[in-house]
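Notes to accompany the following structure.
In the text below, chain A, chain B and the rest are named by the order of the sequence lines, each starting its count at 1. Quantities reported herein were computed from a predicted structural model and do not represent experimental measurements.
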Protein chains: 2
Amino acid sequence: MTEARTQRELIEESLGFLFEAELLEEIIEVGKVKSLESDQILLDTGDDLLYIPFILDGAIKVSRDRDEEELLLYYIESGDTCAMTLQCTVRKSVSEIRATTIEPSRILMIPIMYMEKWMSNYSSWRRYILESYHSRMTELIETVDAIAFMRLDERLEKYLVDQAKLKGSLEIKHTHQQIAEDLHSSRVVISRLLKQLETKGRIQLYRNRIVLSSI
Amino acid sequence: MTEARTQRELIEESLGFLFEAELLEEIIEVGKVKSLESDQILLDTGDDLLYIPFILDGAIKVSRDRDEEELLLYYIESGDTCAMTLQCTVRKSVSEIRATTIEPSRILMIPIMYMEKWMSNYSSWRRYILESYHSRMTELIETVDAIAFMRLDERLEKYLVDQAKLKGSLEIKHTHQQIAEDLHSSRVVISRLLKQLETKGRIQLYRNRIVLSSI
DNA sequence: TCCTGAATGTGACTTTTGTCACTTTTCATT
DNA sequence: AATGAAAAGTGACAAAAGTCACATTCAGGA
């Protein structure tokens with residue numbers, strides 16, 4: 001009972017301001033909360049899409065991978081969903097991306113069958129879905145911008161700033177190897193560029209830890 | 001009268017199979033057909049989004065541009081719409097992309113005010129909007145893949161093949177300069193790589209014209 | 001046919017990024 | 001405190017892509 005109450009409160013807190021009361025009740029009724037540690041794969045390339053995941057708390061990174069090579073696409077946070085999964089209502093399909101927790105996270109899983117029903121019944125749902133798609137498109141385009149128009153050192157700095165904003169801290173606890181994977185580069189190159197950023201006074205380097213001078 | 005009849009037939013032919021009859025009638029009633037020559041800008045970065053454009057015939061390329069630099073994102077064809085414009089119902093916004101005709105095209109312009117109404121009334125409309133968003137997302141991801149994971153010579157070959165498929169012809173009537181812009185590279189580099197492709201027997205080069213050996 | 005501007009070709013060079021083969025540092029265990 | 005594995009640093013080199021300056025070629029109008 002306590003557990004159920006807590007769950008209701010959690011959902012109300014994260015999603016309450018997004019949906020009308022009636023829909024929220026339905027969501028609470030049919031959704032299952034899943035708790036994940038950091039660095040767990042929530043959804044992998046090729047997985048069947050059976051649920052629409054809503055992030056209640058924590059944070060997720062969405063990345064593309066092609067034969068072992070990876071590239072960070074965007075992050076999703078509390079209140080967001082993964083737009084790539086929304087398609088499943090229309091046509092059964094599999095994931096084209098990988099979603100990984102980057103913090104301990106709680107995720108509300110809604111079976112896809114409710115998607116179509118809610119689309120016709122709730123304007124708040126329609127609004128939410130369209131907003132989600134649009135945000136994700138915009139973020140994807142921002143990613144394209146970065147890869148196409150920026151040099152790696154600029155992308156690296158942007159990456160560090162984005163991370164800091166996301167975590168709300170100037171301290172980034174990543175190894176150079178992890179950063180290299182997110183940016184689809186190599187560890188040696190990232191180490192080199194980080195050293196340059198340190199020389200320029202933008203960051204301080206420690207083992208497993210980078211401290212940004214400012215955002 | 002003849003003009004109106006032709007217009008109705010055109011819309012029915014391009015969009016008829018997508019929407020239920022009743023919605024199609026509404027579309028025909030409120031939409032305005034716009035005819036554009038090749039290489040006309042339909043929508044530019046920063047433009048207000050007031051209409052949802054449906055491609056009736058012809059073809060459009062959608063590209064991102066940042067201070068004079070350009071990058072091709074994807075193409076849209078008959079029956080498609082530009083997903084980036086769909087957001088406008090929810091929140092007034094401006095375009096983040098540029099849409100340019102690459103063939104003489106006819107486009108049906110629907111005032112955005114109908115979007116929300118149709119979303120609640122027509123399941124075919126909902127399905128169409130979701131499908132559009134998803135297709136565009138998928139294409140954007142494909143573009144990200146290309147930029148992130150492929151070398152320029154591979155991207156160039158993919159570009160030529162895509163063009164050929166789009167136009168339904170092995171002959172591509174572009175200057176090296178135009179290709180360089182779409183791929184966000186420089187003319188000299190593209191000329192060099194095209195020469196390599198010719199040496200490998202993949203293409204034949206002429207002035208203003210490239211002929212693919214096979215798709 | 002000749003001329004001209006646009007399109008294409010080319011060599012020499014630079015910058016950016018990636019790769020390889022190591023060494024050194026750091027931190028958490030014994 | 002010793003040690004061992006992971007993380008980070010480093011020099012030398014290679015590959016990919018971009019830049020510059022100029023030469024050549026072509027297509028279409030005068």
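With the nearest nucleotide of DNA chain C identified for both B:N208 and A:L193, B:N208 has the one nearer the 5' end. Across the interface with DNA chain C, nearest-nucleotide mapping of A:S185 and B:H174 shows B:H174 to be the residue nearer the 5′ end.
Across the protein-nucleic acid pair, B:F149 atom CZ and C:dG18 atom P stand 12 Å apart, rounded to whole Å. Atom pair B:R187:CZ and D:dA21:P shows a separation of 14 Å (rounding to whole Å applied).
Using a 4.0 Å heavy-atom criterion, one finds that B:R207 contacts the bases of the nucleic acid, with or without backbone contacts as well. Contact annotation for B:T175: backbone-only contact, meaning every heavy-atom pair under 4.0 Å involves sugar-phosphate atoms and none involves a base.
Between the side chain of B:E181 and the backbone N or O of B:Q178 there is no donor-acceptor pair closer than 3.5 Å.
For A:R192, whose side chain is taken as the heavy atoms from C-beta onward, the closest listed nucleotide among D:dG18, C:dT16, C:dT19 is C:dT19.
Donor-acceptor pairing under 3.5 Å is recorded for the side chains of B:T45 and B:D65. For the 3.5 Å distance criterion, the side chains of B:Y75 and B:E77 fail to qualify, holding no donor opposite an acceptor.
Between A:H184 and C:dT17 there is no side-chain polar atom (N or O) within less than 4.0 angstrom of OP1 or OP2. OP1 or OP2 of C:dT8 has not a single side-chain nitrogen or oxygen of B:K195 nearer than 4.0 Å.
For A:E69 and A:R66, the salt-bridge test fails: no basic side-chain N is under 4.0 Å from an acidic carboxylate O.
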